[in-house]
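What follows is a set of notes on a single structure, which appears directly below.
The chains referred to below are lettered A, B, ... by the order of the sequence lines, with proteins before strands, and numbering in each begins at 1.
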Amino acid sequence: MTEEITTRPARTRYAPSPTGSPHIGNIRTAIFAYLWARHTGGQFLLRIEDTDRKRLVEGSLENIKDSLLWLGLDWDEGPGKGGPFGPYVQSERLELFQSVAKKMVEDGTAYYCYCTPERLDAVNKAKQAAKQAPGYDRRCRTITEAEKDAALASGLTPTVRFKVPLEGVTTFRDLVVKPLTVENSTIQDAVLLKSDGYPTYHLAHIVDDHYMEITHVIRAQEWLPSAPLHVMIYNALGWTMPAFVHAPVILNPPGQKGKLSKRDNAVSVSQYQELGYLPEALLNFLVLLGWSYDDHTEFFTMQELIEKFDIRRIQPTPAKFNLDKLDWINAHYINHVLSVDDYARRCLPFLAESGVISPETAADPGDKWEFIRAACALVKDKVKILTEVPVEIDFLFKPGTDLQYPATDLIGKNDTPAAAAQVLEETITYLRQIPNETYNDREALLAGLSDISENKLHLKNRGLMLWPPRVALSGRTKSPDLMGMIITLGRDETIARLEQARQNLASLG
RNA sequence: GGCGCAUUCGUCUAGCGGCCUAGGACGCAUCCCUCUCAAGGAUGAGACCACGGGUUCGAAUCCCGUAUGCGCUACCA
């Protein structure tokens, strides 16, 4: 068994309902399924489970596809791709489900149920009142012909229910969760085919997984309780079951109870995209929620994940969502993995979104690219998510005259207005007279300013020399690297801002 | 209520009977570096391995209870 798992190419699937942007927990399961298919050299399918017409959300399919693609999860078969086992949308496979349901009734493993929703409700209430477990009383298993005719005559369309074996126990084996055994009598006669002709999940996923030749069903742990029911259905159909992995649920962050909910957290893939998380970082973070490779590896490229991923190392324990760690991983990718060009290019939409540049410029930066790239680069090592970039560098894009800051900020620690003014004075003089090569050379600039600090102004430390220009250029007390700002802003703008600062200082009296 | 699964630092985890006086990471604290903020480096605090019983020469690792958490209990998935 164990050997089979590792050697055979697996066919896995991600089978979401089209109810909006994929939930982060849901997509994590998709990641597991994808990695396992790729790891074994098999196929990853996308299947849309749209059998609940009431919950359909417009645009979901595109949303699902976009999220998958954004994260780098491409599917081999499914919507937009086709494949030998299509269609891959359940609402287009109704005849199949209906014929299977019909056959089960003929085989005696399922039966028509003529109960009305009202009666079902009443049965439940009565059971609860009697302190019994709620559930269907299996009445239609023994319904008489006369009663059946009466129901039909009233215009009612029957559902098809699974005929659960009343005796014995059923054992379900999972690849990560320990074996589970239940008394058959505690399982419900689940509806297989609804009165609207659509199958329920219980029927649809089994039929599809069977005909699509899925080898490994990787799904959320919420399905665990109904797994024994699925075992019985497979048995009733005479089909062999694929291997199962029930991935752990993702819980709310520490301090909050329950599974990850949108009440207090971002939960959809698109939300994280909009917040400025990188797909590779989100993927890396998510895969580590419930899975680990060893005791120390934290970062993985997609290639490494495909190589190293093993479903048997998936954890059975629910994991809390830890935003701090996601931020750390994201910052790591921004700072240490992305090239400056790549990073700056990804900043464009966020700069446009916040109004720092125009949408037109974001779409085609043209000759503004060099400046934008340099500006973004200034904060590459300090930003955790891309939405922070515009707030960190917007002052570079505004006219210097728009900078608003208290003139007292220009005075460094242990410094005086006069000393600060003198520093600005000297800096201006210095920047005016140096050649372009020096101006655009970080190290040379720093050396020049250090020299003035030490040998001309005799300042106690270089910090006193660099502080006033920092505030003058950025209008802030926390800013990017001074030399970087001087170079990025260019000589004219830099000197203009320094001059302006000097005047602000003078106004202090 | 019933059924089920799970239980190692605040969090994510390593560990699959002796290598564990339990390792790594995030976060936190302190220090170093340093032009501010970060990044980076170092150090540290932090888990009697939920609790109680067993099994064994020996248990975080196996078994049984209890507690807690989570999930399911629809003509939703």
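Out of B:G27, B:C12, B:C5, the shortest distance to the side chain of A:Lys325 is found at B:C12. For A:Arg462, whose side chain is taken as the heavy atoms from C-beta onward, the closest listed nucleotide among B:U34, B:C5, B:C70 is B:U34. Distances were taken from every side-chain heavy atom of A:Asp324 (C-beta onward) to each of B:G24, B:C26, B:A77; the shortest belongs to B:C26. Nearest to the side chain of A:Thr51, among B:U13, B:A77, B:C75, sits B:A77. Each of B:C75, B:G4, B:C12 was ranked by its minimum atom distance to the side chain of A:Arg161; first place goes to B:C75. Among the nucleotides B:A77, B:U36, B:G4, the one closest to the side chain of A:Lys478 is B:U36. The A:Trp328 side chain lies nearest to B:G27 when the options are B:G27, B:U36, B:C75. For A:Asp381, the listed nucleotide lying nearest its side chain is B:A38; candidates were B:A38, B:U36, B:C75. Residue A:Val182 places its side chain closer to B:G4 than to any other of B:C5, B:C12, B:G4. Each of B:G10, B:C75, B:C35 was ranked by its minimum atom distance to the side chain of A:Pro254; first place goes to B:G10.
Contact annotation for A:Thr186: no contact, since no heavy-atom pair falls under 4.0 Å across all strands. Residue contacts for A:Gly258: at a heavy-atom cut-off of 4.0 Å it reaches the sugar-phosphate backbone alone, with no base atom in range. At a threshold of 4.0 angstrom between heavy atoms, the contacts of A:Lys178 are confined to the sugar-phosphate backbone, with no base atom among them. If you check every strand for non-hydrogen atoms under 4.0 Å, A:Pro134 touches a base. Counting non-hydrogen atoms under 4.0 angstrom, A:Gly290 reaches the backbone sugars and phosphates but no base. Among the heavy atoms of the strands lying under 4.0 Å from A:Ser292 are primed sugar atoms or P, OP1, OP2 only; no base atom is included. When heavy atoms are screened at a 4.0 angstrom cut-off, A:Ser226 is found touching no nucleic acid atom at all. Within the 4.0 angstrom heavy-atom criterion, base atoms lie near A:Asp481. Residue A:His336 is classed as a sugar-phosphate contact, given heavy-atom separations below 4.0 Å to backbone atoms only. Across all strands, A:Pro18 comes closer than 4.0 Å to no nucleic acid atom at all (heavy-atom distances). Within the nucleic acid shown, A:Pro158 has no heavy atom closer than 4.0 Å to any nucleic acid atom. Contact annotation for A:Arg476: no contact, since no heavy-atom pair falls under 4.0 Å across all strands. Contact annotation for A:Pro228: no contact, since no heavy-atom pair falls under 4.0 Å across all strands. Among the protein residues, A:Cys115 comes within range of the nucleic acid bases, having at least one heavy atom under 4.0 Å from a base atom.
Nucleotide B:A45 forms a pair with no other nucleotide shown, judged by Watson-Crick or G-U wobble geometry with both contacts under 3.5 Å. Applying the Watson-Crick and G-U wobble criteria (two distances, each under 3.5 Å), B:C20 pairs with nothing in any strand. Applying the Watson-Crick and G-U wobble criteria (two distances, each under 3.5 Å), B:U68 pairs with B:A6. Using the Watson-Crick or G-U wobble rule with both distances under 3.5 Å, B:A25 pairs with B:U11. Base-pair partner of B:U73: B:G1 (Watson-Crick or G-U wobble, both distances under 3.5 Å). B:C35 is unpaired under the criterion used here, namely a Watson-Crick or G-U wobble arrangement in which both key atom distances are under 3.5 Å.
Using a 4.5 Å cut-off on side-chain heavy atoms (C-beta onward), A:Asn322 and A:Leu289 make no contact.
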**OP:** Just do the side chain to side chain donor-acceptor pair (under 3.5 Å) check on A:Asp50 and A:Ser91 with the steps written out, would you?
**Re:** CA-CA 6 Å; A:Asp50 58 345; A:Ser91 60; 2.6 Å; yes
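One cannot find a donor-acceptor pair under 3.5 Å joining the base of B:C70 and the side-chain atoms of A:Lys259. Donor-acceptor pairing under 3.5 Å, judged by distance alone, is absent between the side chain of A:Asn322 and the base of B:C12. For B:C35, its base sits under 3.5 Å from the side chain of A:Arg470 at one donor and acceptor pair at least. Side chain A:Ser195 to base B:C75: a donor-acceptor pair is found below 3.5 Å.
We find that CH2 of A:Trp467 is positioned 9 Å from P of B:U36, with the value rounded to whole Å. Per the geometry, CG belonging to A:Asp327 stands 15 Å off C1' belonging to B:A25, to the nearest Å. Rounded to an integer number of Å, the gap from A:Gln315 CD to B:A25 C1' is 15 Å.
Taking 4.0 angstrom as the limit, A:Arg55 places none of its side-chain polar atoms (N or O) nearer than this to OP1 or OP2 of B:A74.
When each of A:Tyr272, A:Phe321, A:Trp328, A:Tyr333 is checked for a ring pair (Phe, Tyr, Trp, His ring centres under 6.0 Å) with A:Phe285, only A:Phe321 meets the rule. Remark: of the listed residues A:Lys127, A:Arg119, A:Arg161, A:Arg119 is the sole one forming a salt bridge (Lys or Arg N to Asp or Glu O under 4.0 Å) with A:Asp137.
On the C1' atoms, B:G27 is 23 Å away from B:A50, given to the nearest whole Å.
For A:Trp223 and A:Tyr201, the gap between ring centers is short of 6.0 Å. Ring centroid separation for the pair A:Phe97 and A:Tyr198 does not come in under the 6.0 Å cut-off. Residues A:His202 and A:Phe162 place their aromatic rings such that the two centres sit no closer than 6.0 Å.
If you check the side chains of A:Arg470 and A:Ser479, you find a donor sitting under 3.5 Å from an acceptor.
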